[in-house]
Amino acid sequence: MRPSSSNPSEPAVRVLYWFRTDLRLHSSPALHAALALQPEVIFPVWTWDPNYVFAHRVGVNRFGFLLECMQDLSASLTALNPNTKLLVVRGAPQTVLPRLFQEWRISHIVYEIDRAGYGARRDLQVSALASQAGIKVISVVGNTLYDLKEVVELNGGKATLSLASWHAAVKKCPQPARPLPAPTTFPPLGDTSFSQAYPSLDVPIDYSTDLNNGIRNREVTCFDTFSGPKGDFGVPAIDELGLSRPTTSIRGGESEALRRLAVFCADKDRVAHFSKPQTSPAEFDPPETTLLSPFLKFGCLSVHEFFWRVRDTVASWEGGGPGKKPATKEPENLQGQLHFREMYNAAEYAEGIHFGRIYKNSVCRFIDWDLRDEFGQDGAKIIPRPLGDPRAEEWFLAWKEGRTGFPWIDAIMRQLRQEGWIHHLARHSVACFLTRGQCYISWERGAEVFDEYLLDWDPCANPGNWMWLSASAFYHMYYRVYGVQSFPKKYDKTGKLVRKFCPELSKFPDQFIYAPHLAPLEVQLSAGCVIGQDYPMPMLDDVAEKKRCMTRLKVAYALGLYGSDGAVLDGTADSLLKEGYRQALAGIKSDKKQGQKKSRTVSGGDGPSPSNLTTDVKTMATKELKHGSGSIEGFLTKKRKRD
DNA sequence: CGGCAGTTGTCCAA
DNA sequence: TTGGACAACTGCCG
């Protein structure tokens, strides 16, 4: 069992296994690597990092979900060996881990590679500190099917911006590995005592930069001690974070993830015929999708386990044959969903820290949305964000709080706040509405709200999908806009989701469930809900705003600016787009006056019109640049300089 | 360079 | 239910 201790001349193998977003025992390549060292002791450590408590937007449901995942993992470890459990150490890993290395005489630190966002930067710091302390660092890819570093290299070092380029790169990579079995034994803990008392935080909490201050109702006490209030390295309680109880009905943990996977895969027909766009965003109890994304996010579910279980299920499916519906293919099928996840991961990896915002983001189209992030002279994001256009601020808040007066939008936003999960197409509906569809508000605002509420928040998929939906990257057909009534009606004419999450509307007849303001007053009275009084009137004219958004998008596309372009960096981009929009409006007006038909084939007419907008805007942009401060390079060219 | 496909639009006619 | 018009974008493939 402990070969290293049997030979006294060899130094003991004492492993610190650093759990992060790999909260599982099954199919964990990093854990497998740790156990393969045949260590004398393993310290399974979670560093409870103030960065996530204060510098990330994390709502009560995701914190609750995480805590459940940690508890489940700890119980599973103890089930393998009564002399072990998850050790939660409170404080930043960059300061906490070097203490543990010394106090616990660690020889190896092992962890699963995290290539995204803050996690990637944190790991660079920690591995440098470990190397300085003479500790062996073993890091293993485990949360993606492919090694994204390799994929990006195969794509010429550039971000993968389409499934086509993703697939082209990936087909040269080895096939995803089969899942690894969960360990059946586990080495014990070493002595966890300390030679001295440590503070958990080196710097006092600065509540002015605490992104979660708004949702706390009491003091944060989780950093009062290094090893928890009982001194036993226990999993924190939600009230130590200053938060109240979670509201979601979704439970966390590896056991729950595997249970859900088993239930879903038991219906082989459904697995084989799964087609994402056909699943209904209006179903919640139970949903038509797997609802496994939060588990993948925290690593409670191995992506290899999921991939191969689905594959094997379809392979053993006997529903095929003559006259039978064949199994769904990528990208609509279940495996296809994993490719989107990995494509966004690879894009984030290639683009780096600018991926989550517009400014300096080379893959993100610059569009003059309202309420964008703002940056100071030093290039740092201004926190808190200065208030923008009052009407946009009002729309944003109404959207966030689910009181836009559009039942479909409001029901989804309320479901998101309550449950921490909404169907993918529901995300499309509300994201399109907030950005290119109706409100013309920056996707950064929407992403921020999702950051707070989603259980499955991810630094790659969340910004990636917001850029997709706002037609800023990955997706370009901005004229395809989801209707606030027509879209949900395709899936559910009875309005189940609305009735559940907007109970004040529950007695409206089906006919008016997605547009209750159109119901005659007597219908409203008999439903016990007067629109404008018990439920808001629509806050905007969705058809008129859609037209306005489309014109503005057209101007933005014609200019072809990206977040990393000079005009965005020096702040001249806004006035360029504003002028383009003014011209576009003038063009539309002159069209109306002259009774012209808007058609691409009609060209060479006098005066600006939508048909020759592109040329006009480009001419205008060139003039502007000659007088202005911007640089011409990369301005009129639609292609970014990505190398 | 032209043609065509792109996980997930809407509206209306047949 | 299905098909085409609407109005129209980019990236990839040949």
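The chains referred to below are lettered A, B, ... by the order of the sequence lines, with proteins before strands, and numbering in each begins at 1.
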Interatomic distance, [X] [atom1] vs [N] [atom2] [rounded to whole Å]:
X        : N      : atom1 : atom2 : result
A:Trp468 : B:dT8  : CH2   : C1'   : 9 Å
A:Lys329 : B:dT8  : NZ    : C1'   : 19 Å
A:Leu163 : C:dT10 : CG    : C1'   : 14 Å
A:His428 : B:dT10 : NE2   : C1'   : 17 Å
A:His167 : B:dA5  : NE2   : P     : 17 Å
A:Tyr475 : B:dT8  : OH    : P     : 6 Å

Nearest-Å distance once atom [atom1] is located in both [N] and [M]:
N     : M     : atom1 : answer
C:dA8 : C:dG4 : C1'   : 15 Å
C:dA7 : B:dC1 : P     : 28 Å
C:dC6 : B:dG2 : P     : 24 Å
B:dA5 : C:dG3 : P     : 16 Å

Proximal nucleotide (of [options]) relative to the [X] side chain:
X        : options              : value
A:Ser486 : B:dT10, B:dT7, C:dC9 : B:dT10
A:Tyr557 : B:dG9, C:dT10, B:dT7 : C:dT10
A:Phe487 : B:dT7, B:dG9, C:dC12 : B:dG9
A:His424 : B:dG9, C:dG11, B:dT7 : B:dT7
A:Met477 : B:dG6, B:dT7, C:dC12 : B:dG6
A:Tyr478 : C:dC12, C:dA8, B:dT7 : C:dA8

* To do: Would you kindly check if the NZ (Lys) or CZ (Arg) of A:Arg414 is within the cone defined by 45 degrees around the ring axis of A:Phe501 and under 6.0 Å from the six-membered ring centre?
  => no

* A:Arg62 to A:Tyr453 six-membered ring, cation-pi geometry met (6.0 Å, 45°) -> no

* Look at A:Lys490 and B:dT10 and indicate whether a side-chain polar atom (N or O) is within less than 4.0 Å of OP1 or OP2. => yes

* Quick one: is C:dA7 close enough that its OP1 or OP2 comes under 4.0 Å of any side-chain N or O from A:Arg480? -> no

* To do: Look at all strands and tell whether A:Ser275 reaches a base, only sugar-phosphate, or nothing, counting heavy atoms closer than 4.0 Å.
  => nothing

* Asked: Contact class for A:Gln278 (heavy atom, under 4.0 Å): base, sugar-phosphate, or nothing?
  -> nothing

Nucleotide forming a Watson-Crick or wobble pair with [N], both distances under 3.5 Å:
N     : result
C:dA8 : none
B:dG2 : C:dC13
B:dT7 : none

* Answer yes or no: is there a donor N or O on one side and an acceptor on the other, between the side chain of A:Ser442 and the main chain of A:Arg372, under 3.5 Å? => no

* Aromatic ring centroids of A:His476 and A:Trp468 under 6.0 Å? -> no

* Asked: Do A:Phe295 and A:Phe65 make the cut of ring centroids closer than 6.0 angstrom?
  -> yes

* Return the stacking result for B:dT7 and A:Phe340: yes when the ring centres lie under 5.5 Å apart and the planes under 30°, no otherwise. => yes

* Can you find a donor-acceptor N/O pair under 3.5 angstrom joining the side chain of A:Tyr479 to the base of C:dA8? -> yes

* Asked: Is the closest basic N to carboxylate O distance between A:Asp147 and A:Arg115 below 4.0 Å?
  -> yes

